[in-house]
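Data first, discussion second: the structure below is written as structure tokens.
Values below: every heavy atom of this structure, side chains too, minus hydrogens, waters and symmetry copies. Each chain gets a letter, A, B and so on, in the order the sequences are listed, and its residues count up from 1.
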2 protein chains.
Amino acid sequence: MKIGELAQRAGTSVKTIRYYDRVGVLCPEERSESGYRLYGEDALDRYRFVRAAQAVGLRLGEIREIIALRDRGETPCGFVVDLIGRRAAELDARIAELQVLRDELRSLDRRARHLDPRRCDPRLVCHVIDAGA
Amino acid sequence: MKIGELAQRAGTSVKTIRYYDRVGVLCPEERSESGYRLYGEDALDRYRFVRAAQAVGLRLGEIREIIALRDRGETPCGFVVDLIGRRAAELDARIAELQVLRDELRSLDRRARHLDPRRCDPRLVCHVIDAGA
DNA sequence: CTAGAACCTCCCCTGGAGGGGAGAGTCAAG
DNA sequence: CTTGACTCTCCCCTCCAGGGGAGGTTCTAG
């Protein structure tokens, strides 16, 4: 199967499939004499795996490592478990940061509603934000 | 005051100050004959305002708009309140997304610990992720 | 007067996952 | 035989807030 058919059956773009080849997560089985990428049926499963892994927040570089382990005959489970554990911890930290920021915005918002714009200090750009700094 | 002194007193880099000029959030009062940026004392307050606005998640383009309103003699409060309200709503949405993702990762993690790597289907890249797809 | 510090503009680089398009080769049907 | 669809590689562009450095002025202290 050539790249166009794979892209269509996978419901994605030719550009994406080429990009996946380039970063090493979905390489063609072989090339035709003229250099066309040729894929087998399993390319479709591989594509779905890549998407599933992306959907849980893994980056293509990490997905490539998982695939490389598998291709070396090792079971990547341990690596994957580590990876998702770390990613979950990172997410926790990120979520906490965003919550702090959101709470700050909410309190700025509440305070701003009690401020009178006419009592703005003309020397400041905006007392809503200056006051919150 | 020239750019180097401003950068030092503000505790930032010359590059950053030049960048702020370029995007229009902190422009010099004037230029010397030789083209050097010359700043007044208020540049320091302006700088702090920009940093405060960045700290609550506003982008330089938005900060520029706030400053532009102010420079046109309008009070940007309404605009700012809208902006932070929208940003807070965006953050809520983003936080919810990340929480979903994190919960998914946690459940993958829990399930993975009960799987036996030796029972991995060799045709799959990784049953941990495939199973979660 | 001269060395070196400070300043200028201009251009490329980062990271992630591709998108857009140029220019050229290849393949199938009419 | 030709046309049009498909494919190839290569290069630039996106977003964001700058960082790095080249190559060229200008200022300042000794």
Measure [atom1]/[X] against [atom2]/[N] and give the value in whole Å, please.
X       : N      : atom1 : atom2 : value
A:Arg22 : D:dC10 : CZ    : P     : 10 Å
A:Glu30 : D:dT7  : CD    : C1'   : 16 Å
A:Arg64 : C:dA17 : CZ    : P     : 10 Å
A:Tyr47 : C:dA17 : OH    : P     : 13 Å
A:Tyr19 : D:dC12 : OH    : P     : 17 Å
A:Arg59 : C:dG18 : CZ    : P     : 14 Å
A:Arg87 : C:dG16 : CZ    : P     : 10 Å
B:Met1  : D:dC27 : CE    : C1'   : 18 Å

Worksheet entry | Worked verdict on A:Arg87 versus A:Val56 for side-chain contact (heavy atoms from CB on, under 4.5 Å) | CA-CA 9 Å; A:Arg87 189 62 19 96; A:Val56 295; over 6 Å; no
Fill in: Reported CZ-to-CG distance for the pair B:Arg86 and A:Leu105, which is rounded to 0.5 angstrom
12.0 Å
Discussion item. Nearest 0.5 angstrom please: A:Gln99 CD to A:Glu97 CD, how far?
Written reply: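 The CD atom of A:Glu97 is 11.0 Å from CD of A:Gln99, to the nearest 0.5 Å.
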Fill in: Nearest-nucleotide 5' precedence on DNA chain D, B:Arg51 against A:Ile3
A:Ile3
Response to the item:
With B for base contact, S for sugar-phosphate-only contact and - for none (protein heavy atoms under 4.0 Å), nucleotides 22-30 of chain C reads ---BBS---
Discussion item. Is there a continuous path of hydrophobic side-chain contacts, each under 4.5 Å between heavy atoms, that joins A:Ile63 to A:Val81?
Written reply: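 Not linked; separate clusters.
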Worksheet item: Hey, any chance B:Tyr19 and B:Ile3 share a hydrophobic cluster, counting ILVMFWY side chains that come within less than 4.5 Å of each other, even indirectly?
Response: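 As far as the 4.5 Å side-chain criterion goes, B:Ile3 and B:Tyr19 are connected within one cluster.
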Fill in: Residue B:Gln8 excluded, over 12 heavy atoms near CD under 6.0 Å
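Incorrect, the count does not exceed 12.
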Worksheet item: Picking from D:dG18, C:dG18, C:dA17, which would you name as closest to the side chain of B:Gln54?
Response: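 Per side-chain heavy atoms of B:Gln54, the pick is D:dG18.
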Fill in: Closest nucleotide among D:dT9, C:dG19, C:dG18 to the A:Leu60 side chain
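When the side chain of A:Leu60 is considered, C:dG18 is the closest of D:dT9, C:dG19, C:dG18.
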Under 4.0 angstrom between [X] side-chain N/O and [N] OP1 or OP2:
X       : N      : result
B:Thr16 : D:dG19 : yes
A:Tyr20 : C:dG18 : yes
B:Arg37 : D:dT26 : no

Discussion item. When you compare the side chains of A:Arg51 and A:Gln54, does any donor N or O come within less than 3.5 Å of an acceptor on the partner?
Written reply: yes
Worksheet item: If you look at every strand shown and take non-hydrogen atoms under 4.0 Å, does B:Arg18 touch a base, only sugar-phosphate, or nothing?
Response: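 It contacts base atoms.
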